[in-house]
Amino acid sequence: MSFDDPIAALATYASHPSVSADPSYAEGMVAAREHVTRLLGDLGFAVEVIETPMHPILLATRGDPTWPHLIIYGHYDVQPADPFDLWTTPPFEPVVRGGRLYGRGVADNKGPQIVHMTALARVLAKNPELPLRITYLIEGEEEVGSPSFKGFLEQYKDRLDAEMVLVSDTGSPNPEQIVITTGLRGLVALEARFKGPRMDLHSGVHGGPVFNPLRAVSEVCASLHDDQGNVNVPGFYDDVSEPADWERKELLKMPQTEEDYLDFIGSPAFKSSPRYNALESVRFGPTLEFNGIGGGYQGKGSKTVIPSESFVKITCRLVPNQSEEKIAALVKAAISDRCPEEVTVDVEVTGGGDPYVVIPPGKPGSRGDEPELLKRAFDATERAIEESFGVSPIYMREGGSIPIIGDLKQVAGLDSLLVGLFTPADNLHAPDESFHLGIMEKATTAFEAIFKKLSGSS
Ligand code: BES
Ligand code: MN
């Protein structure tokens with residue numbers, strides 16, 4: 001049985017290079033998908049491969065329609081592994097070293113999926129008729145912004161009449177302290193392209209009267225923050241909601257000081273908006289970041305040129321109550337308004353997603369009328385984590401984004417229980433990504449207890 005050796009199941013899964021962003025990895029996408037299809041088949045699921053314009057979504061089901069219905073979400077795609085030469089061992093040849101499995105995607109998100117599946121395998125081995133209906137949604141476009149997922153949700157809504165979603169695609173501060181993630185930031189991605197002269201020009205022959213597009217992109221970018229550290233876009237903070245008192249208190253339980261955090265990052269100093277300290281800023285505050293900026297000569301030595309074009313890639317992270325459409329429009333307007341009239345600018349919105357927040361049942365401000373399964377899940381998870389890890393979980397929002405979690409709420413009315421199984425030491429999206437085998441083992445035991453409790457069988 002595949003789940004007798006979960007580390008081997010994960011190593012095989014991670015050996016398939018499922019890089020969704022790069023079409024040359026099409027075979028790796030197929031192989032990873034086939035591996036999950038086999039694993040879910042072994043668990044007794046009926047698996048359907050739903051075609052999309054890009055990478056298919058796996059929809060797998062088990063159980064009786066009269067049973068409580070849980071959706072489990074994961075993604076089989078991974079980030080590109082570049083730069084390859086910074087990996088200690090090749091990214092798609094997973095190996096165990098010092099209590100960790102190394103390989104691209106082992107933490108984000110293949111390892112956490114194996115944790116859920118192994119726990120289910122153990123529970124189902126003892127009780128094949130476990131009265132819990134489960135629908136698995138494993139998509140292949142998460143790392144490129146899930147462009148097909150919302151359309152899929154609209155089309156398959158009827159099949160998703162569940163009470164809640166379970167996801168492990170978020171983080172915890174260290175292998176001892178598990179976090180239940182209560183919110184994710186939203187996202188707006190934009191690209192601005194500045195155009196000046198018709199072609200690159202000799203900077204001596206033409207320099208003087210011609211406005212350089214690199215100067216335009218620099219001036220506009222420099223205007224987008226004030227010297228305090230706030231985003232300088234009119235209306236940007238208008239809809240931002242303040243964290244609840246209990247959230248600020250939970251943050252104090254996090255086993256990390258601002259100094260530890262700065263030390264981990266390695267910058268000489270932090271600069272957040274004065275509205276937040278550094279630890280609050282990544283969880284409760286919105287941002288505008290430059291992800292890439294370019295134009296002109298990037299080669300060796302110097303070249304005397306006035307480039308014809310320049311560009312900047314920007315992403316904003318959004319917090320609850322901010323809307324993707326509204327922020328996209330505000331940032332677009334600020335860039336266009338500030339573009340010097342001697343060049344033109346074209347701003348394209350290239351992706352996005354709304355922020356998400358869930359108030360754990362029983363916490364101040366919770367609705368009280370949450371589905372029975374969701375209440376049971378939060379309660380069971382807190383207790384199972386206490387038992388397996390010896391410490392209660394912390395309830396905390398995260399800075400990262402999983403846009404489809406907001407879509408599941410909007411389209412299907414579903415809230416998510418997000419259990420964080422990777423840690424900052426796992427190097428997500430970076431060379432030497434790894435998954436901590438101690439977390440893997442303890443979390444598998446915890447999820448066995450969680451699945452039993454969800455089915456009402458303990
Ligand atoms: N698993 C991450 C999101 C994440 C990371 C949540 C850390 C919480 C803590 C996910 O795979 C991811 O990287 N998402 C992208 C979304 C983007 C590509 C639309 C992100 O956050 O940048
Ligand atoms: Mn992920």
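Each ligand, and each atom within it, is numbered from 1 in the order the structure gives. As the structure is a computational prediction, the values presented were derived from the model and not from experiment.
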Hey, does the side chain of [X] reach the backbone of [Y] with a donor-acceptor pair shorter than 3.5 angstrom?
X    : Y    : answer
H225 : L288 : yes
E191 : T350 : no
R100 : G438 : no
E433 : D108 : yes
D426 : L428 : no

Discussion item. Would you say the ring centers of Y261 and F264 fall short of 6.0 Å from each other?
Written reply: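 Judged by ring-centre distance (under 6.0 Å), Y261 and F264 do not meet the cut-off.
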Fill in: Side chain, backbone, both or neither: N109 near ligand 1, heavy atoms under 4.0 Å
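It is neither part, as no heavy atom is under 4.0 Å.
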What's the shortest distance from [atom] to any protein heavy atom, and which residue and atom give it?
atom                    : result
atom 16 (C) of ligand 1 : S401 O, 3.5 Å
atom 4 (C) of ligand 1  : D169 O, 3.8 Å
atom 19 (C) of ligand 1 : L187 CD2, 3.5 Å
atom 11 (O) of ligand 1 : E142 OE1, 2.7 Å

Worksheet item: Which atoms of ligand 1 are found less than 4.0 Å from any heavy atom of F422?
Response: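 Atoms satisfying the 4.0 Å criterion: 1 (N), 5 (C), 7 (C).
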Worksheet entry | Ligand-side contact atoms (ligand 1) for residue partner G145, heavy atom cut-off under 4.0 Å |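 Result: 19 (C).
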Discussion item. Judged on heavy-atom distance to atom 22 (O) of ligand 1, which of R317, H429, Q79 sits nearest?
Written reply: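 The nearest heavy atom belongs to R317.
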Practice prompt. Looking only at distances, please establish whether an N/O atom of ligand 1 is found under 3.5 Å from an N/O atom of E143.
Written response: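 Yes, E143 has an N/O under 3.5 Å of an N/O on ligand 1.
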Fill in: Contact (N/O only, under 3.5 Å) between E398 and ligand 1
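N/O-N/O distance below 3.5 Å does not exist for this pair.
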Worksheet item: Just wondering, are more than 12 heavy atoms of other shown residues or ligands nearer than 6.0 Å to NZ in K375?
Response: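 Enclosed.
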Worksheet item: Is there an N/O/S atom in E143 that lies less than 2.8 Å from the Mn ion (ligand 2)?
Response: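 Under 2.8 Å: E143 has no N, O or S contact with the Mn ion (ligand 2).
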Worksheet entry | CZ on R248 to CZ on F284, rounded to 0.5 Å |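 Reported value, rounded in 0.5 Å steps: 6.5 Å.
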Worksheet item: What does the angle at the Mn ion (ligand 2) come to, between atom NE2 of H75 and atom OD1 of D108, rounded to 10°?
Response: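 Reported to 10°, the angle equals 90°.
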